[in-house]
There are 2 protein chains.
Amino acid sequence: METEEKILAAAKEIFIQKGYAAARMQEIADKAEINKGLLHYYFKNKDKLFSAVFMEAFHKFAPRINKIFESDFPLFEKIESFVDEYMDILLENPNIPKFVIHEMNQKPEEFINTIMNNKDRPNPMKLIVQVQSEVQKGNIREINPLQLVINMISMCVFPFVASPLFKSILQMDKTTYLQFMQLRKKEVSSFIIESIRVKNE
Amino acid sequence: METEEKILAAAKEIFIQKGYAAARMQEIADKAEINKGLLHYYFKNKDKLFSAVFMEAFHKFAPRINKIFESDFPLFEKIESFVDEYMDILLENPNIPKFVIHEMNQKPEEFINTIMNNKDRPNPMKLIVQVQSEVQKGNIREINPLQLVINMISMCVFPFVASPLFKSILQMDKTTYLQFMQLRKKEVSSFIIESIRVKNE
DNA sequence: GTCTATAGGTAGATAGAC
DNA sequence: GTCTATCTACCTATAGAC
């Protein structure tokens with residue numbers, strides 16, 4: 001493993017765990033098993049190292065999400081595969097959302113400028129249009145497509161962001177909670193579909 | 001305004017904005033328009049000052065939420081009033097969730113010990129039992145009550161936690177986004193109710 | 001109670017030997 | 001490229017005058 005990779009891996013771990021402000025260059029160096037001076041040789045300063053980590057985390061997520069947003073599935077299938085794929089990513093990386101959310105709230109303008117001008121930026125437009133079209137055709141009930149998308153994302157991500165709270169309320173340890181999240185995939189997609197499909201009464 | 005209150009108000013603002021690690025005692029003193037030494041006279045150290053702020057934020061939220069969890073409304077009304085009241089609290093304090101979530105993730109054990117042994121701890125048991133009973137009576141479709149509660153909380157809170165992201169995707173400024181959140185109250189409660197009510201087909 | 005001054009410690013960053 | 005040593009700045013916390 002190359003030095004630069006070792007540094008990135010260590011930095012990723014520390015930054016995700018502690019956030020930018022509380023992370024220490026010394027701790028990153030220790031974890032990478034190199035000297036502190038060498039950090040500055042590869043990444044001029046803390047900011048640059050952080051940016052590298054942040055962008056890597058972002059690029060790990062964004063394309064996989066957008067692939068689904070932009071797929072050609074019928075609506076219900078798209079919702080199912082969105083929830084499935086999104087929660088799989090989260091189960092693989094349960095701590096990244098906390099990290100991204102905290103840091104984007106620290107510097108919202110910077111976040112918007114760097115992320116939202118990126119080719120991989122989150123882009124649910126195609127899904128929104130699709131929902132609108134299904135509403136017009138009468139295939140699903142009337143619903144604001146923007147709110148629907150927010151509902152979908154919220155139900156997937158929030159349980160990972162607030163995991164200590166939910167684990168404590170539900171009295172689950174880490175493993176049990178992750179199993180519960182596995183089951184949740186099915187629950188969430190059927191929760192959404194049940195809400196929007198038309199009912200005869 | 002008493003000195004102690006001035007300090008608490010200033011500390012609250014700074015801690016919520018920057019988080020514990022990035023907050024500076026000097027900045028708090030400046031905002032409170034007092035001297036830095038005086039901070040340590042009233043609150044022995046940064047930790048103690050932080051705890052005071054954190055607990056205040058927590059006690060502002062928890063009882064109002066629990067009041068609804070434990071109310072005697074029929075289920076659908078309870079869901080509506082939960083979403084309404086919860087999102088009103090969030091609209092009044094849009095930055096507190098980010099703050100609480102970040103800090104509870106920093107020290108999960110401490111959070112659980114201090115918060116979850118508190119009389120005001122989040123307690124959705126009564127709602128969970130109520131959902132279970134309505135399922136058994138056949139008044140709503142079969143659903144895991146725990147997942148339902150998580151869905152409710154997630155859809156209310158997450159849009160405030162991830163506001164920079166959503167504002168940017170939806171191209172809304174702060175005011176427009178808050179108006180959008182006002183409208184959201186109705187959308188979320190009907191989204192939930194539509195999902196769980198029984199359908200004849 | 002409120003201030004000033006400063007101690008004491010720590011973090012990011014640089015210089016320079018190898 | 002990698003290390004050690006050190007500089008400089010900053011931050012929390014305390015001491016002590018008023």
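Every chain is numbered from 1 and lettered A, B, ... according to where its sequence line falls, protein lines coming before strand lines.
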Report yes if at least one side-chain N or O of [X] is closer than 4.0 Å to OP1 or OP2 of [N]; otherwise report no.
{"X": "A:T3", "N": "D:dG1", "value": "no"}
{"X": "B:H40", "N": "D:dT14", "value": "no"}
{"X": "B:R24", "N": "D:dT12", "value": "yes"}
{"X": "A:Y42", "N": "D:dT2", "value": "yes"}

Please state how far atom [atom1] in [X] lies from atom [atom2] in [N], giving the value in whole angstrom units.
{"X": "A:D30", "N": "C:dA11", "atom1": "CG", "atom2": "P", "answer": "11 Å"}
{"X": "A:F43", "N": "D:dG1", "atom1": "CZ", "atom2": "C1'", "answer": "14 Å"}
{"X": "B:L39", "N": "D:dT14", "atom1": "CG", "atom2": "C1'", "answer": "13 Å"}
{"X": "A:Q26", "N": "C:dG12", "atom1": "CD", "atom2": "C1'", "answer": "11 Å"}
{"X": "B:K48", "N": "D:dT14", "atom1": "NZ", "atom2": "P", "answer": "10 Å"}
{"X": "A:K36", "N": "D:dG1", "atom1": "NZ", "atom2": "P", "answer": "22 Å"}
{"X": "A:L49", "N": "C:dA13", "atom1": "CG", "atom2": "C1'", "answer": "13 Å"}
{"X": "B:N45", "N": "D:dT14", "atom1": "CG", "atom2": "C1'", "answer": "12 Å"}

> With a distance cut-off below 6.0 Å to the six-membered ring centre and an angular limit of 45° from the axis, does B:K6 pair with B:Y42 as a cation-pi contact?
Replying inline: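 Pair B:K6/B:Y42 does not count as cation-pi.
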> Between the side chain of B:S51 and the main-chain N/O of B:K48, is any donor-acceptor distance below 3.5 Å?
Replying inline: no
> Would you say the side chains of A:R141 and A:S195 form a donor-acceptor pair under 3.5 Å?
Replying inline: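 Yes - a donor-acceptor pair under 3.5 Å links their side chains.
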> If you check the B:L38 side chain, which of C:dT2, C:dG12, D:dT14 turns out closest?
Replying inline: C:dT2
> Looking at D:dT12, C:dG1, D:dC3, which one has an atom nearest to any side-chain atom of B:K46?
Replying inline: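 Ranking D:dT12, C:dG1, D:dC3 by closest atom to the B:K46 side chain puts D:dT12 first.
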>> Can you confirm whether B:M55 sits close enough to B:I115 that some side-chain heavy atom of one is under 4.5 Å from a side-chain heavy atom of the other?
In response: yes
> Would you call A:F61 and A:D120 a side-chain contact if the rule is heavy atoms closer than 4.5 Å?
Replying inline: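 Result no, sub-4.5 Å side-chain heavy-atom pair not found.
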Which part of the nucleic acid does [X] contact within heavy-atom distance under 4.0 Å: base, sugar-phosphate only, or nothing?
{"X": "A:N35", "value": "base"}
{"X": "A:A22", "value": "nothing"}
{"X": "A:A29", "value": "nothing"}

